[in-house]
Structures are given as C-alpha cells and as structure tokens.
Asks: 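Could you have a look at this structure, given as structure tokens, before my questions?
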Protein chains: 2
Amino acid sequence: MTETVSRPTLEAVAARAGVSRATASRVVNGGDGVREPLVERVRQAVEELGYVPNQAARSLVTRRHDAVAVVIAEPETRVFADPFFGLQLRGISKELTAHDSQLVLLLTEGRDDHARVGRYLAGGHVDGALVFSLHLDDPLPELIHGAGVPTVFGGRPGWGDGTRDTAAPVYVDSDNRGGARAAVRHLVALGRTRVAHITGALDQTSAVDRLDGFRDVMADADPRLVVEGDFTPAGGERAMRELLDRCPDVDAVFAANDLSAAGALRVLRERGRRVPDDVAVIGFDDMLPVAEQTDPPLTTVRQDIEEMGRLMARLLLRDLDRRTAKERAVRGPSDVVLPTTLVRRASA
Amino acid sequence: MTETVSRPTLEAVAARAGVSRATASRVVNGGDGVREPLVERVRQAVEELGYVPNQAARSLVTRRHDAVAVVIAEPETRVFADPFFGLQLRGISKELTAHDSQLVLLLTEGRDDHARVGRYLAGGHVDGALVFSLHLDDPLPELIHGAGVPTVFGGRPGWGDGTRDTAAPVYVDSDNRGGARAAVRHLVALGRTRVAHITGALDQTSAVDRLDGFRDVMADADPRLVVEGDFTPAGGERAMRELLDRCPDVDAVFAANDLSAAGALRVLRERGRRVPDDVAVIGFDDMLPVAEQTDPPLTTVRQDIEEMGRLMARLLLRDLDRRTAKERAVRGPSDVVLPTTLVRRASA
DNA sequence: ATGAAAGCGCTAACAA
DNA sequence: TTGTTAGCGCTTTCAT
C-alpha cells in the first residue's frame, strides 16, 4: 500500500515497549527468561507495529535459514506427468510449514543444472535438502550427498547400499518390493497360473524393486513372462503385445505402474481378451486420474505419496534440530520404508 | 565434508587477491569499473577459495532477495490431481533460474493458511509473488494484492475487472473463451446440430470463460443443453446422464475439461452411444495421462501450461527489474492471454 | 532478569 | 579506479 514504507525494526518494538533491543529479541524468540509483564508489553508492541523479523539479519548471525531445498531432478521424464510429485510436495510443505521452514524448489533439467544446484546447496542458503533421484546413474544425488548439506532422499538411491565406500544415504521409500509381492500373491490367489510382469524402466530402483517382488513370489516363473517396459502407456502396449505373442496363455499381468497397465489394458481389449475374466491386470501407484478412468477400473497397489513427503521432511527436520541442539547424534535418522496397500477395483 | 568449516568471506577473497573488500565486492557483482588485472586476480581468489556470497548479508543491505514466492491456494481441490501445476512450476522455475532467482513454494490448505502466507509476503522475504487463485471467492489473491508485494496472477482472478474499485491485478491466462469457441465451432463444422456443454465448477473463472465461449457460438442453443459439472470425472458422468435424459438427441458434447469429458465418455459407452459416430466429444486441457488414455482418445483444446508459468515469471521479473532501475514505470506489465489449440484425436 | 555492545558478511557512499 | 568506512537488523555474550 504505502510506498516503500520501511518496516518496523526490533529497535522500534523495543522503544515502544520501553525495553532494550535484547529483551525485545528474547520475547520475539520465545520469551524465556523474561518476566511476564515485559513479555506482554513487547508482544503488544509487536502487534501494534506489525513487526515481522528480518530473516536476512537473523540468518546473518544465527547461520540458520529456516529453509529447506527440495531438489527434483529431470522433470522432463516422468515428473509431473503424474500427480506424484505434487502430492509429495504437499506432504513436504505441510511438515515444513508446521516447523516454520520455507520450501525452496529446485528443478533441474539435466546435467547443465547440476552445477547450479550443487553451488546453491554448498552455498549454505538452506539448512538442508530433500532430493528426488530417479535414475540409477544420476550423479546429482551423490554430488549433493558430498556437498555436506543434511539431506534426505525420496526413493532409494541407486547407490550407498555397500555398493560404494561412501556413507549410505538416508531415504524414504515405498515398499515397492512388498507391494509387488502383494499384487502377485493376489493374482495367484485368484487362481491365475500364468502371471506375467511388465517391468518399469529398470534404471530406476523402484522398477528393480518391483521386479524383485514379482520374483519373490514367482521364483520359478517362465522367464518369457517378464517383459521390460518403461512406465509409459506406450511401453505397456508394446510389452503386452510381446507378451501375448510369446505366451498366448498368459492369464494375469502385474504392470510396474498404472500408466503401463492402462496401455496393457488397451491391447488386451484390442486383442479381444476380457479383463479380468481372461486376463487379470494389476497396476502400481493408484494414480487416480488413470486408475479410476481405465476400463475396467484398475486394481492397483497404492503408495501413500503425500505421507512419503511428510516423512522425508520430518526426518530432515529432526536431524537439523538435533544438530542445532548439539546433541551428539544419539541416533542418526534411519531409512523409512512405507507400506503399500492393494486397492481392489475391477481389473483383478 | 569437513566439519562446519566456515566458508570463506569476501574479506578472505580480498586478502588473497591483495585488494580491498570493496573491490572484491565489485568484481563479484559484475566487475564494472575495475581494471582488468585486478578483476582477474579477484576471480582467481574466488575460484581458489571456492567463495560463495552470503546471501543473508547481501540481502540485509540491498533489501533484495533474488527470490520469488509461488503461492498455490487450496491444493486439496484440483491442484496436483493433474499435471497442471507441475508444468506451471516447471515453466516458472526455468525463467527464475535464468534470472538467478530462487523459487519459494507456498502451498495453502484453506483459510487457516491465509494469515501465514500474508505475513510471509508482507514480511519482505521475497521480491515478488506468483499467485494461483482458483476460486472466485478466494480472499487470498486480493489479500496478497493489498500486501504491497509485486504480484502476477495465474489465471484470471475473479475480481479487478472494474467489479471493484481496487486496481486490476496483472495476470496470465489461457484463452479459455477462444479455446471453447474453437471447440464448439469444430463440432458445428462436423455437422452436429445438438451441441451440449458440460461446464466446469462455475466458481472458477476458467469455467465461466469456457461457458461464455460456448455461448458465443451457440447463442441460441437450447438451454437444456448446458449442464453444470465440476471438472471431475464423477461430475462429468452425472452431467452426461442428465444430458441424455433431457435431450436424447444430443449429438455432440463440449466438456469443460478432459476429466469430465472422460466421465461423459464412460456414460456414453454405458448407454450404448458410439463416439464419435453418435455423439462427438471434446475436452479441454489436453491433460495427457487422461486425454490419450480414454477410449476413444480425446479430441481436446490444449493450453500451453508451461509457457503460462514462464510468462508469469517473466512478467514479474520485468516489473522487479524496472523498479530496481527506478525507471518510472514506463508501462506497467499488462495481462497476457495465451492462445489455445485444438488437438484432434478420435473423439470428435 | 535486563541492558550494553560487539559483531555476522556484505554493499554503497564517500574520499582519495 | 581503488580504498575507507558506515551501517543493514538481528542475536548473543558479558556485565550489571
């Protein structure tokens, strides 16, 4: 409204309350060790003046920023093709908000941006980072891990399980393997004997884990029943065609995600197979706009995306608080693997 | 890596380069008015020390933050149910990155958060804001507009068109009305004479504008051919049923978005109407995971979401630069309405 | 329990 | 062109 009217400083608040700047500061930051009447007067002044602390000045001395970076690598690919990251962001946002922390979003478009992100994180602009790594060979996660910024990863990174000497990263993930097992067991319980799997892009740990889950249950399955997909509808179509050609007797399909399941569904219809009568189909994700719109609606494995985000933030914040409190790391934050649930619709 | 080793300051750089802090600062900020040899030496020192400016200290004196807030209201509803906001964010991110600005994401969950967001923006933590307002009666946009922070809105806000005395907000929007006109004209060109419209949630300007577009072409249409929907598949189903009951002779439907079109499609199939033979259907958005997965694939009106985001950011940044340069606002940033294009698939 | 004072790291007058 | 210096607004010892 008013033209560039400089906002009130702590000094102003102190003056109005008739106390020193130090006391005003104490009250603003919780008010410990300040006698009640003074606390009240300062609060009053803050209110009347509409005082808001200058975060820059505060950060300058505390070296804290009350901000966390969320790094999402390669949005091109898959990100934002589905509600996945949106939900994740929502979970993260809620948790950060409750903790009075800000969310700084860093989207990268391939390698060129790695340096930028690395510089930003190493530059100490934020207290920590939440990083989503999609590909096994993505150098970004490790780069970030090495930047010395407290970090929690979304989804199991493709390294750090003893594969390398570097410290293992902390991450939050869905129980991809367990979810896959549940899906396949469901198909088996349905009496299906020729259960196939359309994998996801195998350069992503989630795809690998789901494949492992499939194999846990179908250890001695006909290898021709496993076809590589890529998480896309087109990949699902291609895989389904290949599957029908190779094994015409297939009677169930577990697709690595809903999108490829949708593709498979289309090919099945086109080939005259009834779902679920002839072939039962299960997806993964429970990506609503897809799973509910397919014909028939898709039975699928749901992961609680929003909760994943919330947990990532919680893990990071806990770590940050601990460092601040200088508690000698009682116990470093440990990985969290969230359970998945089978959602039954009409396709299986 | 190393334990809390404090990062080098400008002072250190200056010392190493054998110049004053002021000169070092000049070089770091572009190096105007510094002789080449010195520039080189400072650059060298920056490189060797791995110096990164302390943004807090810088902001404290410049009162600039090189950060922009992106406010997305009520993610519950529709946001993140589709890739819409993800794409928008991507466009915004690209533009901000190119301008060395950071993206601070503010997600709100209803009224409770309004105060928080208002405080944050009024608190002068960011240089400007990009705001998405979905509902006509959302108080947030106006609240923000009044907070004195340079702002650009995404989507036409439901006020400021002379409706009130307040200054009109600057916004970027898709040509909802024009897109709707194109869709309906296409149906008419197809020879359809009983063209219906399933509206979106009419508390959103986009829905209103699309309805207006429909009416532009079908000025004298049977009023029973317009049914209120709500942008959801369920709403689309309900509306389609109503439509078929009221006007069994309907031969074309323009749905306010792809999701409701998908719902309509399902009801049409269920009622044994062939698409597009008996009834042609057109959606809006070109929301890929839906539009390409429906049966038949959906003809729809595409809006360039990412470009919208990019433009919003560009508009805001231009405004910010102008203020900084103290150029007396030669011309305030003006609204931008992006064109839409009809994407033909099989449904119409 | 409160206040006085010393910076945090940087930019921007102003001098030289 | 370069250096000197005075803060930006805040937290935090250290006295009192």
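Predicted model, so just to flag it, every value in this text is computed and none were measured. Every chain is numbered from 1 and lettered A, B, ... according to where its sequence line falls, protein lines coming before strand lines.
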Asks: D/dC8 P sits how many Å from B/H125 NE2, rounded?
Replies: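 It works out to 19 Å between those atoms.
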Asks: Measure the distance from CZ on B/R63 to P on C/dC10 and round it to the nearest whole Å.
Replies: 18 Å
Asks: Is a donor from one side chain sitting under 3.5 angstrom from an acceptor on the other, for B/H125 and A/N54?
Replies: no
Asks: Can a salt bridge be assigned to the pair B/R318 and B/D321 using a cut-off of 4.0 Å between side-chain N and carboxylate O?
Replies: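 No salt bridge links B/R318 with B/D321.
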Asks: Figure out the CG/C1' separation between B/L38 and D/dT1, and round it to whole Å.
Replies: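 Spelled out: CG on B/L38 to C1' on D/dT1 is 9 Å.
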Asks: Take the protein atom NE2 of A/H65 and the nucleotide atom C1' of C/dG9, then report the distance between them rounded to whole Å.
Replies: 12 Å
Asks: I'd like to check A/F132 versus A/V70 (side-chain heavy atoms, cut-off strictly below 4.5 Å). Are they in contact?
Replies: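 A side-chain contact exists here, since the closest heavy-atom pair is under 4.5 Å.
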Asks: Give each protein N/O atom lying under 3.5 Å from an N/O atom of nucleotides 10-13 of chain D, with the pair distance.
Replies:
residue : atom : partner : partner atom : Å
D/dC10  : OP1  : A/Y51   : OH           : 2.3
D/dC10  : OP1  : A/N54   : N            : 3.3
D/dC10  : OP2  : A/L10   : N            : 2.4
D/dC10  : N4   : A/R21   : NH2          : 2.9
D/dT11  : OP1  : A/N29   : OD1          : 3.4
D/dT11  : OP1  : A/N29   : ND2          : 3.1
D/dT11  : OP1  : A/R58   : NE           : 2.8
D/dT11  : OP1  : A/R58   : NH2          : 3.2
D/dT11  : OP2  : A/S25   : OG           : 2.7
D/dT11  : O4   : A/R21   : NH2          : 3.3

Asks: Do A/D66 and A/H99 have side-chain atoms, one donor and one acceptor, less than 3.5 Å apart?
Replies: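 No.
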Asks: Picking from D/dT1, C/dG3, D/dG9, which would you name as closest to the side chain of A/L60?
Replies: D/dG9
Asks: Looking at A/V172, A/V152, A/D173, which one forms a side-chain contact (heavy atoms from CB on, under 4.5 Å) with A/V336?
Replies: A/V172
Asks: For A/R35 and C/dG3, give me the distance from atom CZ to atom P, rounded to whole Å.
Replies: 11 Å
Asks: Are A/V19 and A/R41 close enough that some pair of their side-chain heavy atoms sits under 4.5 Å apart?
Replies: yes
